[in-house]
Number of protein chains: 2
Amino acid sequence: MAKANKNQDTEGEILEAAKNVFQKKGMDGARMQEIANEAGINKAMLHYYYRSKQLLFDAVFSNAFSLLAPELNKVLNDDSSIEEKVKNFTSNYISFISKHPYLPNFIIQELNRNPKFFEKIQKNAAFPTLEKFNNQVANEVKKGILKPIEGQQLFINIISLNIFPFVATPLIKGLLDIDDKGFKQLMEHRKVAVSEFIINSIKK
Amino acid sequence: MAKANKNQDTEGEILEAAKNVFQKKGMDGARMQEIANEAGINKAMLHYYYRSKQLLFDAVFSNAFSLLAPELNKVLNDDSSIEEKVKNFTSNYISFISKHPYLPNFIIQELNRNPKFFEKIQKNAAFPTLEKFNNQVANEVKKGILKPIEGQQLFINIISLNIFPFVATPLIKGLLDIDDKGFKQLMEHRKVAVSEFIINSIKK
DNA sequence: ATATTTGTTAACCAAATGGTTAAACCATAA
DNA sequence: TTATGGTTTAACCATTTGGTTAACAAATAT
């Protein structure tokens with residue numbers, strides 16, 4: 001009873017199309033017909049493979065979070081010093097986001113729309129935890145490497161500084177009165193500027 | 001031909017109801033019927049006063065931005081030093097947001113959905129500009145009050161640190177594994193922690 | 001070969017949704 | 001009092017939308 005397979009990964013093409021549409025327009029703004037068009041197939045296929053809009057969305061969402069989680073884990077669970085972590089994360093994250101520009105906003109938005117999504121995610125394998133990071137910060141503070149700061153606050157600061165500009169891109173472009181090119185330059189500059197900013201603040 | 005006025009500000013009640021629904025659910029997720037229910041009136045009234053969903057939304061959106069703009073202007077256009085500005089903004093902003101919890105996310109989200117909204121806003125009276133702030137930063141850097149930093153980058157950092165936690169509340173609550181109460185405490189702490197963090201970084 | 005399972009499509013359906021209409025309501029001016 | 005004009009409502013409408021169905025196509029198993 002081997003898998004009958006006329007299709008060469010229709011299921012994957014659907015997921016890819018759904019990703020594009022959902023991440024651009026969100027759950028409420030997305031249309032099943034548009035996803036079908038994007039995938040170049042009949043609308044009924046979406047239901048054949050994923051049963052409902054909600055389930056298709058869930059698949060896209062879990063997938064998206066699975067991409068982001070390892071990025072967060074880089075800050076939280078490797079063995080380098082806090083300073084190194086900040087530097088690595090800050091420069092890597094911006095490159096990462098360039099490849100997935102809609103990702104952070106998508107996750108944040110849909111989590112706002114329905115906070116219960118977090119439960120689905122928490123079961124996920126590589127779900128990030130703060131424990132190690134908090135301990136490490138407390139430790140480096142005690143040793144006098146860092147000025148006094150709570151791990152939680154530092155963590156929020158790091159992700160705020162790195163993620164926010166990509167979540168609020170149109171706002172920032174508007175306020176700073178810059179175009180696409182200007183924005184890219186600014187973000188390029190931030191790869192070092194942000195980690196400098198953070199290190200300046202916390203290093204003794 | 002005085003204005004016949006059986007209604008005591010139905011128009012205002014509609015706007016208030018629309019604000020609640022739109023800010024919670026966004027343009028796509030909001031339903032005209034729900035807005036009518038929230039306002040306790042007939043759905044036709046929405047169209048009587050605002051013609052279409054789009055126009056009603058525009059009214060809510062402009063209104064929302066008119067609330068946020070003065071907050072930004074506090075950082076940009078008063079006469080205090082950069083250090084004072086950072087301190088004031090950081091502590092005031094968090095109090096402000098508590099009164100309008102859905103506001104920042106609403107603006108950012110809808111601006112992402114349709115970046116052309118910015119044009120509508122730019123015509124707005126108190127639209128914030130960065131010129132003065134940039135000059136002031138350059139000036140204080142030259143005088144040796146601040147470490148070298150670009151005004152634009154500092155501005156992005158300030159709003160990132162202040163706004164992001166409120167835009168990504170569910171994400172942060174999930175990652176830090178805290179509840180509503182814990183989140184409020186954390187934000188309360190940030191009123192001083194954030195300005196300290198910034199000042200530590202930039203002050204010579 | 002042919003029966004059976006899997007993949008795909010066009011046509012269809014019911015519910016939801018933004019918007020309209022025509023009639024009723026009500027305060028005020030005459 | 002009554003004519004007038006803004007205000008409000010219930011019923012209605014056309015379109016959109018997520019989802020279903022029944023028939024057809026293509027593999028695979030026997």
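Quick note on labels: first sequence line is chain A, next is B, and so on, each numbered from 1.
Between A:Thr10 and the phosphate of C:dT8, there is a side-chain N or O to OP1/OP2 separation shorter than 4.0 Å. Note on B:Arg31: a side-chain N or O is less than 4.0 Å away from OP1 or OP2 of C:dG18.
Judged by distance alone, the side chains of A:Glu110 and A:Asn114 never bring a donor and an acceptor atom under 3.5 Å apart. In this structure, a donor-acceptor pair under 3.5 Å is present between the side chains of A:Ser95 and A:Lys191. Neither side chain, B:Asn92 nor B:Asn88, offers a donor N or O lying under 3.5 Å from an acceptor on the other. For A:Arg190 and B:Asn157, the side-chain atoms include at least one donor-acceptor pair closer than 3.5 Å.
C:dG7 atom C1' lies 14 Å from atom CG of A:Asp9, rounded to whole Å. Here D:dG6 presents its P atom at 12 Å from OH of B:Tyr49, a figure rounded to the nearest Å. Atom NE2 in B:His47 sits roughly 17 Å away from atom P in C:dA22 (whole-Å rounding). Atom NZ of B:Lys25 and atom P of C:dT17 are 10 Å apart (whole Å). The CD-C1' distance, from A:Gln33 to D:dT16, rounds to 11 Å in whole Å. Between the P atom of D:dT9 and the CG atom of B:Asn37 lies a distance of 12 Å, rounded to the nearest Å. Per the geometry, CG belonging to A:Leu46 stands 12 Å off P belonging to D:dT20, to the nearest Å. Rounded to an integer number of Å, the gap from CD1 of B:Ile41 to P of D:dA10 is 12 Å.
Nearest nucleotide to the side chain of B:Tyr48, out of C:dT9, C:dG19, D:dG6: D:dG6.
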Point to revise | Full working for salt bridge (Lys or Arg N to Asp or Glu O under 4.0 Å) between A:Glu119 and A:Lys116 | key: CA-CA 6 Å; A:Glu119 293 159 24; A:Lys116 286 177 187 167; over 6 Å; no

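The 5' end of DNA chain D is approached more closely, in terms of each residue's nearest nucleotide, by A:Ala30 than by the other of A:Ala44 and A:Ala30.
Among the protein residues, A:Met45 comes within range of the nucleic acid bases, having at least one heavy atom under 4.0 Å from a base atom.
In the interface, the side chain of B:Lys43 is paired with the base of C:dG19 through a donor and an acceptor atom under 3.5 Å apart.
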